[in-house]
Chemist: 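Below are the structure tokens for one structure; questions will follow.
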2 protein chains.
Amino acid sequence: MSAARAPLPRPDPPGRRRSAAGAPVPDKRRLILDAAVRVFARQGFHACRVSDIADEAGVAYGLVYHYFASKDEVLNTLFLERWNVMLEHIREVDAKPLPVREKLAAIAAFIIDSYRHDPDLMKVIIVEVTRAANSFGQTHLAEIRTAYELIGGIVAKAQADGDFKDEIEARFAAMAFYGTIEQLLTGWIFGLLPQGAEEFERAKWLVVETVCGGLEHGGEGARRSREGPAGAHQHARGGAAK
Amino acid sequence: MSAARAPLPRPDPPGRRRSAAGAPVPDKRRLILDAAVRVFARQGFHACRVSDIADEAGVAYGLVYHYFASKDEVLNTLFLERWNVMLEHIREVDAKPLPVREKLAAIAAFIIDSYRHDPDLMKVIIVEVTRAANSFGQTHLAEIRTAYELIGGIVAKAQADGDFKDEIEARFAAMAFYGTIEQLLTGWIFGLLPQGAEEFERAKWLVVETVCGGLEHGGEGARRSREGPAGAHQHARGGAAK
DNA sequence: GACGCTCCTGACTGATCAGTCAATCTATCG
DNA sequence: CGATAGATTGACTGATCAGTCAGGAGCGTC
């Protein structure tokens with residue numbers, strides 16, 4: 001139902017109560033959401049009880065139901081908060097006059113940084129929503145589809161400009177791009193891939209290079225990526241990246 | 001526990017009872033597994049009851065527990081049956097003296113054909129196991145990791161032979177390849193991508209072309225693959241490398 | 001014909017947990 | 001102060017469901 005009360009990440013509720021000193025009194029609703037992220041990430045949505053969330057938040061059981069209509073709504077809220085921020089970011093990137101590679105790099109960077117800064121939240125989103133076709137995946141199909149379509153639009157424009165070849169449908173290219181990123185996150189979540197500041201930075205470059213340039217020795221593709229029009233990024237960071 | 005009683009897909013149990021006419025009497029265990037696939041795909045593992053499986057199979061509730069120790073074991077069995085077949089197939093492909101592109105194409109074709117022939121089963125495997133990090137994903141981490149490693153090995157060999165560039169770690173390339181395929185299946189499962197014999201065939205080619213050749217206009221990559229989805233049997237081994 | 005074995009049945013149980021609710025507390029304001 | 005409104009509490013309930021079990025049916029074998 002009305003799950004998207006807070007479309008932005010950790011938005012400070014307007015007119016929040018404050019203590020005498022002026023410091024914001026801890027927002028219990030936020031407390032519950034943050035606790036839920038930890039509990040969902042640790043035990044999984046289905047395996048955890050609502051009381052686990054309340055305990056983790058240091059709050060009475062009933063309060064969860066004061067702020068949320070159901071356990072589902074807690075997850076829905078978490079997902080929409082983050083997903084909408086991502087959609088907004090993709091739209092902003094798309095609107096800028098950047099080369100495709102940089103647009104895609106910006107999107108990859110955003111998602112990877114999201115994981116870097118809040119792995120638990122991204123774990124929950126991917127494991128419990130994005131891939132959980134039955135319950136929540138169906139609910140948020142529209143939002144998920146929008147992301148694919150925005151990325152597909154970026155690819156399509158690149159094709160129209162002659163930067164990408166036409167043989168691969170933009171819709172498909174979008175799936176390859178997003179699928180690669182999500183698989184990366186999954187690898188980190190499952191502990192199948194090493195994690196660390198260096199790996200995260202390198203991954204941003206790898207995603208773009210793989211999807212744009214391919215695994216084979218490329219002529220232009222590889223050369224083009226070596227420069228980087230904005231010049232602002234050094235991909236292969238200091239030496240031993242293996 | 002002992003979930004892998006039947007390592008092959010629909011293996012005929014040895015010494016199965018037969019009717020007077022010699023026709024095989026319907027194997028109730030198989031009946032239950034097949035019914036479970038349908039029920040899991042329709043309602044999801046968590047949302048369905050064991051009685052739903054029994055009803056779907058036209059069998060008494062208790063019989064499910066005669067053949068399986070728990071609801072979990074039913075899902076484990078389904079997953080392992082199929083996943084082991086896939087691993088076996090990848091190993092066979094790897095052993096053959098084929099160019100990388102054809103090896104990868106064979107793997108992509110296997111997975112996509114698996115979906116084509118039994119979408120419900122693949123849906124269950126992807127949605128309930130492969131991405132369900134919490135419960136089953138953890139249980140089958142070893143099997144899942146093996147698949148990535150086998151694919152990574154194929155890429156690594158191609159790099160050693162000079163067919164693939166070295167900048168992209170094989171381990172990462174494997175994630176991109178598998179991630180692209182799984183995202184495709186997810187797109188079909190969610191109804192975000194059109195399905196049909198043609199789409200499936202084209203997808204096999206698209207996966208390989210995207211991951212190997214990239215989205216940009218490539219020299220060799222594009223030329224090499226221009227043969228199209230059907231019979232891409234051209235691959236100049238040891239041809240113009242770097 | 002009686003023992004033993006596997007297949008098969010479905011009513012029952014014990015535990016679990018999402019969601020409810022009546023009561024209490026705190027803040028604010030006229 | 002007294003009133004109104006929202007925040008907070010946690011015991012309780014009603015439903016659900018995985019797994020159990022006692023028994024029955026068919027069949028081979030000694």
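In the text below, chain A, chain B and the rest are named by the order of the sequence lines, each starting its count at 1.
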Chemist: Distance alone, cut at 3.5 Å: any donor-acceptor contact between the side chains of B:Gln183 and A:Tyr148?
Modeler: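 Looking only at side-chain atoms, A:Tyr148 and B:Gln183 do form a donor-acceptor pair, the distance falling under 3.5 Å.
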
Chemist: Would you say the base of D:dA7 and the side-chain of A:Tyr67 have a donor-acceptor pair closer than 3.5 Å?
Modeler: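 No pair found.
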
Chemist: Within residues 47-55 of chain B, which residues have any heavy atom lying less than 4.0 Å from an atom of DNA chain D?
Modeler: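 Only B:Cys48, B:Arg49, B:Val50 qualify.
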
Chemist: Starting from the first five and the last five pairs of the helix from C:dG1-D:dC30 to C:dG30-D:dC1, work out the angle between the resulting helix axes, to 10 degrees.
Modeler: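 Nearest ten degrees gives 20° for this helix.
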
Chemist: Looking at the side chain of B:Val59, which of C:dA11, C:dT9, C:dA18 is the nearest nucleotide?
Modeler: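 Minimum distance to the B:Val59 side chain belongs to C:dT9.
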
Chemist: Are A:Arg116 and A:Glu201 close enough for a salt bridge, meaning some N to O gap below 4.0 Å?
Modeler: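 Looking at A:Glu201 together with A:Arg116, the answer is yes, because their closest N to O distance falls below 4.0 Å.
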
Chemist: With sequence neighbours left out, which residue pairs that include part of residues 105-114 of chain B fulfil the side chain to side chain donor-acceptor pair (under 3.5 Å) condition?
Modeler: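 Output for this query lists B:Arg82-B:Ser114, B:Asp113-B:Lys204.
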
Chemist: In Å, rounded to the nearest 0.5 Å, how long is the span from CG of A:Asp34 to CG of A:Leu78?
Modeler: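 These two atoms lie 8.0 Å from each other.
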
Chemist: What is the distance from CD of B:Gln43 to C1' of D:dT16, rounded to the nearest Å?
Modeler: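 Rounded to the whole Å, the gap is 14 Å.
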
Chemist: In whole angstroms, how far is the P atom of D:dA18 from the CZ atom of B:Phe68?
Modeler: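 Nearest whole value for this atom pair: 15 Å.
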
Chemist: With heavy-atom distances below 4.5 Å as the criterion, would you say the side chains of B:Phe110 and B:Ile181 are in contact?
Modeler: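 Of all side-chain heavy-atom pairs linking B:Ile181 with B:Phe110, none is under 4.5 Å.
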
Chemist: Show the distances under 3.5 angstrom between N or O atoms of the protein and N or O atoms of nucleotides 24-27 of chain D.
Modeler:
none

Chemist: Quick one: A:His46 NE2 to D:dA18 C1', roughly how many Å, whole number?
Modeler: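 Rounding to the nearest Å, NE2 of A:His46 and C1' of D:dA18 are 16 Å apart.
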
Chemist: Starting at atom CG of B:Leu63, determine the distance to atom C1' of D:dG23, rounded to an integer number of angstrom.
Modeler: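 Taking atom C1' of D:dG23 as the reference, CG of B:Leu63 is at 15 Å.
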
Chemist: Would you mind reporting whether A:Ile168 and A:Val155 have side-chain heavy atoms less than 4.5 Å apart?
Modeler: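 With C-beta onward as the side chain, the pair stays apart.
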
Chemist: Report yes if a side-chain nitrogen or oxygen of B:Lys28 is closer than 4.0 Å to either non-bridging phosphate oxygen (OP1 or OP2) of C:dC7; otherwise report no.
Modeler: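 For B:Lys28, the contact criterion (side-chain N or O under 4.0 Å from OP1 or OP2 of C:dC7) is not met.
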
Chemist: Checking side-chain hydrogen bond (donor to acceptor under 3.5 Å, both in side chains) against B:Asn76, which of B:His140, B:Lys71, B:Glu81 comes through?
Modeler: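 Only one option passes, and that is B:His140.
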
Chemist: Would you give me the side-chain donor-acceptor pairs under 3.5 Å for residues 185-197 of chain B, sequence neighbours excluded?
Modeler:
| from | atom 1 | to | atom 2 | distance (Å) |
| --- | --- | --- | --- | --- |
| B:Thr186 | OG1 | A:Arg131 | NH1 | 2.6 |
| B:Thr186 | OG1 | B:Glu182 | O | 2.7 |
| B:Trp188 | NE1 | B:Pro194 | O | 3.1 |
| B:Gln195 | OE1 | B:Tyr115 | OH | 3.1 |
| B:Gln195 | NE2 | B:Trp188 | O | 2.9 |

Chemist: Flag the pair A:Arg49 and A:Asp52 as a salt bridge only when some basic side-chain nitrogen lies within less than 4.0 angstrom of an acidic carboxylate oxygen.
Modeler: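 So A:Arg49 pairs with A:Asp52 through a salt bridge.
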
Chemist: According to ring pair (Phe, Tyr, Trp, His ring centres under 6.0 Å), who are the partners of A:Trp83, at least two apart in sequence or on a separate chain?
Modeler: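 Residues passing ring pair (Phe, Tyr, Trp, His ring centres under 6.0 Å) with A:Trp83: A:Phe79.
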
Chemist: Answer yes or no: does a side-chain N or O of A:His66 lie under 4.0 Å from OP1 or OP2 of D:dT8?
Modeler: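 No, outside the criterion.
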
Chemist: Nearest 0.5 Å, please: how far is CZ in A:Arg29 from CG in A:Leu31?
Modeler: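 Taking CG in A:Leu31 and CZ in A:Arg29, the distance rounds to 12.0 Å.
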
Chemist: Quick one: B:Arg29 CZ to C:dT6 P, roughly how many Å, whole number?
Modeler: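 Whole-Å distance recorded here is 16 Å.
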
Chemist: If you compare every side-chain N and O of A:Tyr65 against the phosphate oxygens of C:dG19 (OP1, OP2), does one of them come in below 4.0 Å?
Modeler: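 Affirmative; the distance criterion is met.
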
Chemist: Can you tell me how far C1' of D:dG6 sits from CG of A:Asp27, to the nearest Å?
Modeler: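 Interatomic distance, CG of A:Asp27 to C1' of D:dG6: 14 Å.
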
